[in-house]
Amino acid sequence: MGGNELDRICGWEDGSSCDACALRQELICRGDRAQRRLFVLSQLPFLSLSFLGMGMVGLATGIWWPILAYSLAGIAFLGPVEMAVLCRHCPHYARKGSRLRCIAPNPFPKLFAPDLSPLSRVERVALILFSLFLLFFPSLVQAYGILSFFAREGGFDLLGMVVVNMATLMAALWFGRILIRHFCSRCVNFSCPFNRVAEETVRGYLERSPAMLAAWKEAGRTGGGREN
């Protein structure tokens, strides 16, 4: 896909045309510091409680590999996994530059060539499975900690572990809710399995983005539909 074609993406202009765009309130199609800050802050409670709970389990049982495994999985997700199965299909990723400029900060350089066609079925399944692991693995580790404390008649230690586990699970659900209802309902990576943008809005964006529309039609997604 040539440079001139890639320049034909809605949201890549200097912003002068956005005020008159009917989609400006429906999509997060440009860089937005406020949205990026909200995205980061919304997941801090979940991450803090996850590592707190897994740390408690490590101190009580001497089992520390879950923290290492979860940390490595998170790094892998931000790097090759997410970029391969999700980010490279996003118009934000196809912009010029060595790093992804999106509402979700990513410390890694772009590792793959951009592909504006929709996610494949395998990519969608991989994304769902990895996301479920990252959201609920800490709670499973903490549940193991509860069983360990219970076996030892842990008293207040058991109560503390139960409270942290419940809080972690609630934080995971709360973050998932914010992600789906606020970000996924306005994200321009339309073929993501979590995307909730209305079909009419998808079609409107694709009409303003000939390069992306051409890639979708080549993949058999006509009229803005998400499924083949």
Test side chain to side chain contact (heavy atoms under 4.5 Å, CB included) applied to Asn165 and Ser139, step by step:
CA-CA 6 Å; Asn165 182 244; Ser139 293; 3.9 Å; yes
Give the C-alpha distance, both sets of side-chain angles, the deciding distance and a yes or no for side chain to side chain contact (heavy atoms under 4.5 Å, CB included) between Ser148 and Val57.
CA-CA 9 Å; Ser148 178; Val57 174; over 6 Å; no
Kindly indicate, with the supporting measurements, whether the criterion side chain to side chain contact (heavy atoms under 4.5 Å, CB included) is fulfilled by Thr61 and Phe149.
CA-CA 9 Å; Thr61 65; Phe149 281 126; over 6 Å; no
Phe51 and Ser71: CA distance, side-chain angles, deciding distance, side chain to side chain contact (heavy atoms under 4.5 Å, CB included) verdict:
CA-CA 9 Å; Phe51 282 99; Ser71 299; 3.5 Å; yes
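Put simply, Val141 and Leu173 are part of the same group of oily side chains (I, L, V, M, F, W, Y) that touch within less than 4.5 Å, one to the next. Neither Phe137 nor Met170 shares a network with the other; the hydrophobic side chains, linked directly or stepwise wherever heavy atoms of I, L, V, M, F, W or Y lie under 4.5 Å apart, form separate groups for each. In this structure, Phe136 is a member of the same hydrophobic cluster as Leu52, with clusters built from ILVMFWY side-chain heavy atoms closer than 4.5 Å. Hydrophobic clustering, with ILVMFWY side chains joined whenever heavy atoms are under 4.5 angstrom apart, keeps Leu72 apart from Leu78. Under the 4.5 Å side-chain heavy-atom criterion for ILVMFWY residues, a single connected hydrophobic cluster contains both Ile75 and Phe112.
Leu119 CG to Asp115 CG: the interatomic distance, rounded to the nearest 0.5 Å, is 9.0 Å. The line from SG of Cys90 to CD of Glu82 is 10.0 Å long, rounded to the nearest 0.5 Å. In this structure, the separation between CZ on Phe183 and CD on Gln35 is 5.5 Å, given to the nearest 0.5 Å. Within the model, atoms CZ of Phe194 and CZ of Arg124 stand 11.5 Å from one another, a figure rounded to the nearest 0.5 Å. Between the CD1 atom in Ile146 and the CG atom in Leu159 there is a gap of 10.0 Å [rounded to 0.5 Å]. With rounding to the nearest 0.5 Å, the separation of OH in Tyr70 from CZ in Phe133 is 7.5 Å.
Not a single donor-acceptor pair under 3.5 Å links the side chain of Asn195 to the backbone N or O of Ser185. With hydrogens and angles disregarded, no donor-acceptor distance shorter than 3.5 Å links the side chain of Arg186 to the backbone of His182. For Lys110 (side chain) and Leu100 (main-chain N/O), no donor-acceptor pair under 3.5 Å exists by modelled atom type. Not a single donor-acceptor pair under 3.5 Å links the side chain of Arg196 to the backbone N or O of Arg181.
The shortest side-chain heavy-atom distance between Leu41 and Leu44 falls under the 4.5 Å cut-off. Here the side chains of Arg88 and Leu111 are not in contact, with every heavy-atom distance at 4.5 Å or above. Counting heavy atoms from C-beta outward, Pro45 and Trp174 have side chains that approach closer than 4.5 Å. Within the 4.5 Å cutoff, no side-chain heavy atoms of Cys187 are placed close to those of Ile28. By the 4.5 Å heavy-atom criterion applied to side chains, Tyr93 and Cys102 are not counted as neighbours.
Residue Gly145 comes nearest to Met161 through the heavy atom pair C-CG, 3.9 Å, listed as atom of the first residue, atom of the second, then distance. Summarising the geometry of Val85 relative to Glu123, their closest heavy-atom pair is O-CB, 3.7 Å, with the distance given to 0.1 Å. Here the closest non-hydrogen pair linking Thr201 and Glu26 is CG2-CB, 3.9 Å. Closest non-hydrogen pair, Phe46 versus Ala171, comes out as CA-CB, 3.7 Å. Of all non-hydrogen atoms in Phe77 and Ser131, the two that sit nearest each other are CZ-OG, 4.4 Å. The two atoms that bring Leu49 and Val164 nearest to each other are O-CG1, 4.0 Å, heavy atoms only.
Side-chain contact, Glu218 with Ser117: no donor N or O sits under 3.5 Å from an acceptor N or O.
The distance between the ring centers of Phe190 and Tyr205 falls below 6.0 angstrom.
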